[in-house]
Amino acid sequence: MTQIKRLNKDAHLKAFQVDLSSFPSILKFIGSLEQWLVDSDMHSSIQLLVNNAGILATSYRLTTEGYDQMMATNYIGAFSLTKLLLPLLSNSPVPSRIVNVTSFTHRSVSGMQIDKGTVSGKGFLGLRRYPCAHIYEYSKLCLLLFSYKLHQQLRLMDNSCQVSVIAADPGAVKTHIMREVPSCLSRVAFVMLKLLGLLQSAENGARSIIDASLAPAEISGLYFFGGEGRTLNSSALSYSATLAEELWNISSDLFLESKLASIGTSTSD
């Protein structure tokens with residue numbers, strides 16, 4: 001915020017904190033955002049949503065809803081936040097956009113089972129060893145399936161819909177996402193990626209996200225990769241209409257369950 005103010009002293013800014021693995025936290029954020037828009041006498045809309053939050057957990061941790069924390073943060077939270085913000089995005093007087101930040105690691109998923117256990121992460125609870133890499137890859141594929149499905153849903157609802165959806169893949173970026181991985185392993189991984197010329201700084205890694213955010217309004221349903229306006233096809237699995245439909249239905253069920261639970265909690269309080 002300080003840096004933006006330095007570049008534009010007239011910028012009207014407000015920072016909000018939200019935990020995407022917690023549905024009550026998401027609801028609280030939505031309420032705070034809507035109130036801020038009203039108090040600031042601004043149009044009740046938003047023009048850009050970038051779902052960038054993501055973690056690489058190395059152990060099984062449950063959220064308050066009983067979901068695996070990595071699935072909740074990387075996918076379920078993004079689905080829920082997007083669903084709750086759609087009215088504000090649709091209300092925008094100018095074309096608005098959703099950018100879902102995915103990962104090239106989604107290509108490692110060769111087969112996918114869509115059910116409540118896997119989407120919520122509960123199905124991984126009984127395993128002797130926590131498959132952190134597999135769950136991370138799975139969560140990023142879910143985000144892609146959701147992106148393409150939402151793009152289609154918005155177009156089916158209204159051909160003149162001004163809300164576009166784009167997936168953005170930064171590639172290999174040197175961030176703190178591997179902080180839970182043993183330091184010896186993360187160092188080796190970064191060295192190998194650097195030797196291959198694949199490791200980017202966080203600043204360069206943001207280019208695909210910026211490209212996706214600033215693409216022409218008619219651009220939707222694409223996969224931006226690595227900057228310079230480059231687009232690619234994601235994995236064949238990510239375009240499965242059957243998987244996308246199954247994921248949409250289960251995600252919607254989980255969303256409704258979380259919403260009802262939150263209403264029940266607030267009523268009892």
Side-chain angles (χ1 to χ4, degrees), residues 4 7-8 11-12 20 30 33-34 37 42-54 74-75 77-104 106-107 139-171 173 200 203-249 251-252 255:
I4 294 172
L7 295 169
N8 181 2
H12 190 51
L20 281 193
I30 299 291
L33 172 62
E34 290 175 338
L37 290 172
M42 290 193 290
H43 192 271
S44 184
S45 65
I46 57 175
Q47 286 68 54
L48 176 64
L49 167 63
V50 180
N51 285 312
N52 183 58
N74 296 7
Y75 171 64
F79 178 91
S80 300
L81 180 64
T82 302
K83 201 168 177 67
L84 289 166
L85 285 177
L86 267 177
L88 288 176
L89 286 156
S90 301
N91 197 41
S92 173
V94 297
S96 57
R97 169 153 298 160
I98 299 159
V99 177
N100 289 324
V101 181
T102 184
S103 166
F104 60 91
H106 81 274
R107 299 181 186 276
S139 70
K140 291 300 182 179
L141 180 55
C142 283
L143 203 55
L144 263 176
L145 288 164
F146 165 55
S147 300
Y148 298 148
K149 181 65 176 178
L150 181 59
H151 158 73
Q152 292 171 351
Q153 288 272 47
L154 291 171
R155 293 304 171 278
L156 284 173
M157 282 167 30
D158 183 1
N159 283 329
S160 62
C161 178
Q162 294 201 85
V163 183
S164 56
V165 187
I166 293 179
D169 181 349
V173 184
Q200 308 172 84
E203 289 75 16
N204 286 336
R207 290 182 300 179
S208 63
I209 302 170
I210 295 170
D211 288 344
S213 300
L214 301 180
E218 65 273 13
I219 300 294
S220 185
L222 296 184
Y223 178 85
F224 278 70
F225 178 80
E228 299 180 2
R230 184 184 183 191
T231 60
L232 297 174
N233 287 329
S234 49
S235 71
L237 203 60
S238 68
Y239 294 108
S240 169
T242 301
L243 288 177
E245 181 70 19
E246 291 173 353
L247 180 63
W248 181 275
N249 291 335
S251 302
S252 297
F255 174 83

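Computed from a predicted structure; not experimentally measured.
The shortest heavy-atom contact between Arg97 and Pro216 is NH2-O, 2.9 Å. Shortest non-hydrogen contact noted between Cys142 and Leu247 is O-CD2, 3.4 Å. Of all the heavy atoms in Gly227 and Ser208, the pair that sits closest is N-CB, 3.7 Å. The shortest non-hydrogen separation linking Ser96 to Ile46 is CB-O, 3.7 Å. Pairing each heavy atom of Lys140 with each of Ser103, the nearest pair is CG-CB, 3.8 Å. Of all heavy-atom pairs between Ala167 and Ser147, the closest is CB-OG, 4.4 Å.
For residues 206-237, every residue pair satisfying the ring-ring contact (aromatic ring centres under 6.0 Å, His included) rule, not counting sequence neighbours, is listed here: His106-Tyr223.
Annotation: the span from Leu150 atom CG to Arg155 atom CZ amounts to 9.0 Å, rounded to 0.5 Å. Here the OG atom belonging to Ser234 is positioned 10.0 Å from the CG atom belonging to Leu222, to the nearest 0.5 angstrom. In this structure, CD on Glu246 lies 11.0 Å from NZ on Lys149, to the nearest 0.5 angstrom. The distance from the OG atom of Ser45 to the CG atom of Leu37 is 7.5 Å, given to the nearest 0.5 Å. Between the CD1 atom of Ile166 and the OH atom of Tyr148 there is a distance of 10.5 Å, given to the nearest 0.5 Å.
With sequence neighbours excluded, the residues forming a ring pair (Phe, Tyr, Trp, His ring centres under 6.0 Å) with Phe79 are Phe146, Trp248, listed by chain and number.
Side-chain atoms of Asn8 never come within 3.5 Å of backbone atoms of Ile4 as a donor-acceptor pair (strictly under, hydrogens ignored). When atom types are taken as modelled, the side chain of Arg207 and the backbone of Gly229 share no donor-acceptor pair closer than 3.5 angstrom. Listed for the Thr102 side chain is no donor-acceptor partner under 3.5 Å among the backbone atoms of Asp169.
Between Ile219 and Thr231 there is no side-chain heavy-atom pair separated by less than 4.5 Å. No side-chain heavy atom of Asn74 sits under 4.5 Å from any side-chain heavy atom of Leu143. Inter-residue side-chain proximity for Leu141 and Ser235 is flagged as met; some heavy-atom pair is nearer than 4.5 Å.
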Requested in this report: May I have the step-by-step check of side chain to side chain contact (heavy atoms under 4.5 Å, CB included) for Gln152 and Ser220, ending in yes or no?
Outcome: CA-CA 9 Å; Gln152 292 171 351; Ser220 185; over 6 Å; no
Query raised in the report: Run the side chain to side chain contact (heavy atoms under 4.5 Å, CB included) check on Leu144 and Asn100 step by step: do they pass?
Result: CA-CA 8 Å; Leu144 263 176; Asn100 289 324; over 6 Å; no
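Enclosure of atom CD in Glu218 by more than 12 non-hydrogen atoms of other residues, nucleotides or ligands within 6.0 angstrom is indicated.
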Listed pairs under 3.5 Å, donor-acceptor, residues 83-93 side chains, sequence neighbours left out:
residue, atom, partner, partner atom, Å
Ser90, OG, Leu86, O, 2.9
Asn91, ND2, Ser44, O, 2.7
Ser92, OG, Gln47, NE2, 3.0
Ser92, OG, Val94, N, 3.2
Ser92, OG, Val94, O, 2.6

